[in-house]
There are 2 protein chains.
Amino acid sequence: MFNYSTSEENYIKAVFHLQQSDGMVTTNELASELKTKPASVTDMMKKLKNKKLLHYQPYQGFRLSHEGNKVALGIIRRHRLWEYFLAEKLKFSWDEVHAVAEHLEHVSSKKLIDKLDEFLGFPRVDPHGDPIPDVNGKIETSKQVCITALPLNKQAVVCHVGDQSSEILELLKHKNIGIGTKLEVKKKFDFDNSMEIKIKQQFYNISEQLAKNIFVKYES
Amino acid sequence: MFNYSTSEENYIKAVFHLQQSDGMVTTNELASELKTKPASVTDMMKKLKNKKLLHYQPYQGFRLSHEGNKVALGIIRRHRLWEYFLAEKLKFSWDEVHAVAEHLEHVSSKKLIDKLDEFLGFPRVDPHGDPIPDVNGKIETSKQVCITALPLNKQAVVCHVGDQSSEILELLKHKNIGIGTKLEVKKKFDFDNSMEIKIKQQFYNISEQLAKNIFVKYES
DNA sequence: AAATAAATTTAGACAAATCTAAAACACAAC
DNA sequence: GTTGTGTTTTAGATTTGTCTAAATTTATTT
Ligand SMILES: [Mn+2]
Ligand SMILES: [Mn+2]
Ligand SMILES: [Mn+2]
Ligand SMILES: [Mn+2]
């Protein structure tokens, strides 16, 4: 309905992501997420409260209003569609898409995004396996599970990766793991919580840190 | 080499376009082009002069420096590649591409643009027939001529349209004229400077105002 | 050459977004 | 229940880009 500045959009999106886990978001959390200072956060929160995008009482933390959530989902839709475009069409690698999408997401032409969506064939997930909101802001919440919680010898498909750095990408590439990879956990070691997994008759060892970042769905 | 703000980029691009015809650009010209006030122009010109992007002595008008020209060509490259993308891939119509490209052009990732260029197959002209600068900022200057200056019965190909409004697009569509259309001028009328042209055995009447906006190359 | 008009620049103000330093507040520990 | 610590907000300053109104310079008339 309305148009928000790049800065406002970045704050809105960050609140959205932080409140997924926390419920209520604090000033310091948001400041560190956005690499800015708490004072700047307070200023912006006042502004967004005035625009009725979030609920906020001084010292009480904040969360997005219904309207704020809708706006956030619009931004996330743009972000993830561009990520998909960059990876799929321009052959960007997995860890490069985020930074560029961070800018493209602020070009807010409804028609641009809906046509892009169509051009891409209405993709459901971005290159990191995160779901892409549809035209109406509806987001697909598939129940995914971390491989640390996966029972032994159960076939599953990688659908999401938590960390999105180039470091984790390097490691995943080396082990032939990507979104869509079929795997099963063969063994878990209590000593260091590492595990052995099987991919196409090959066995790989996975550290605890890595395992925590790999999420799967069961074969359907 | 450096990064410029959206505002700086809009000024740089506008100076580039205005100096094509005029050579030297004046404060008022630029203000009206950018729908801003002369005082704002003066402020920005001082800043761009400091950054060595243009030559400017108070009251004397301005023109881009060598460096400024390079920057301008980079922006125009981005603008026109996005216009091509929007028209070709997302099926935007001719008159819709400019407004969106006006925003996309400011997302300045070298890699993004070069990959986009490759993805599009290194197009040479945008949907309005304007040439797209290559990676090095080199621009193709094909000698085009307005159909008002075209000799009778000479086959030529439409390569550029001056005005880029939806109004002219409506008219051109109605007369089956687009970039690449082959035509020849059959008759010119001195009374109102209108003319009759032939396209694929069909005859169309063209007003003076329209003719002034249609540019062609000779068949090669 | 002086007067007038037009273009351009300066001066001063304002909104957006940020920061630092100081004040106010919440809450846990004593 | 007072004290202390960390969190949050306020106060005041800064940067960027814009504007209006006044002053200045250039150009055009008489
Ligand atoms: Mn962003
Ligand atoms: Mn993503
Ligand atoms: Mn622009
Ligand atoms: Mn164009």
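Just so we're on the same page: letters track the sequence lines, and every chain starts at 1. In this text the structure is predicted, and so the values were computed from the model without any measurement.
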[X] side-chain N/O to [N] phosphate OP1/OP2 under 4.0 Å:
X       : N      : answer
B:Asn28 : C:dA6  : no
B:Thr27 : C:dT9  : yes
B:Tyr4  : D:dT16 : no

>> Expressed as a whole number of angstroms, how long is the span from B:Tyr56:OH to D:dT25:C1'?
In response: 12 Å
>> How many whole angstroms separate atom CD of A:Gln57 from atom P of C:dA26?
In response: 12 Å
If you measure from [atom1] on [X] to [atom2] on [Y], what distance do you get to the nearest 0.5 Å?
X       : Y       : atom1 : atom2 : result
A:Leu64 : A:His66 : CG    : NE2   : 11.5 Å
A:Ile76 : A:Leu81 : CD1   : CG    : 12.0 Å
A:Leu48 : A:Tyr4  : CG    : OH    : 8.5 Å

> Aromatic rings B:Phe119 and B:Phe85: how do their planes relate, parallel, tilted or perpendicular, breaks at 30° and 60°?
Replying inline: tilted
> Taking the six-membered ring of B:Phe92, is NZ or CZ of A:Lys111 closer than 6.0 Å to its centre and within 45° of its axis?
Replying inline: yes
>> With the threshold set at under 4.0 Å for non-hydrogen atoms, list the residues of residues 29-45 of chain A touching DNA chain C in residue-number order.
In response: A:Thr36, A:Lys37, A:Ala39, A:Ser40, A:Asp43
Check: protein-nucleotides 26-28 of chain D nitrogen or oxygen pairs below 3.5 Å:
none

> Between B:Ser194 and B:Asp192, do the side chains contain an N or O donor and an N or O acceptor separated by less than 3.5 Å?
Replying inline: yes
> Checking all strands, does A:Phe62 fall into the base, sugar-phosphate, or nothing category for heavy-atom contacts under 4.0 angstrom?
Replying inline: nothing
>> Please report whether the ring centroid of B:Phe62 lies less than 6.0 Å from that of B:Tyr11.
In response: no
> Mapping A:Thr6 and B:Gly61 onto DNA chain C by nearest heavy atom, which one lands closer to the 5' end?
Replying inline: B:Gly61
> Quick one: which of C:dT18, D:dT18, D:dT8 gets closest to the side chain of B:Ser7?
Replying inline: D:dT18
> Is any NZ, NE, NH1 or NH2 atom of the basic residue among A:Glu96 and B:Lys115 found under 4.0 Å from an Asp or Glu carboxylate oxygen of the other?
Replying inline: no
>> Exactly one of B:Glu102, B:Glu83, B:Glu105, B:Glu9 should register a salt bridge (Lys or Arg N to Asp or Glu O under 4.0 Å) with B:Arg78. Which one does?
In response: B:Glu9
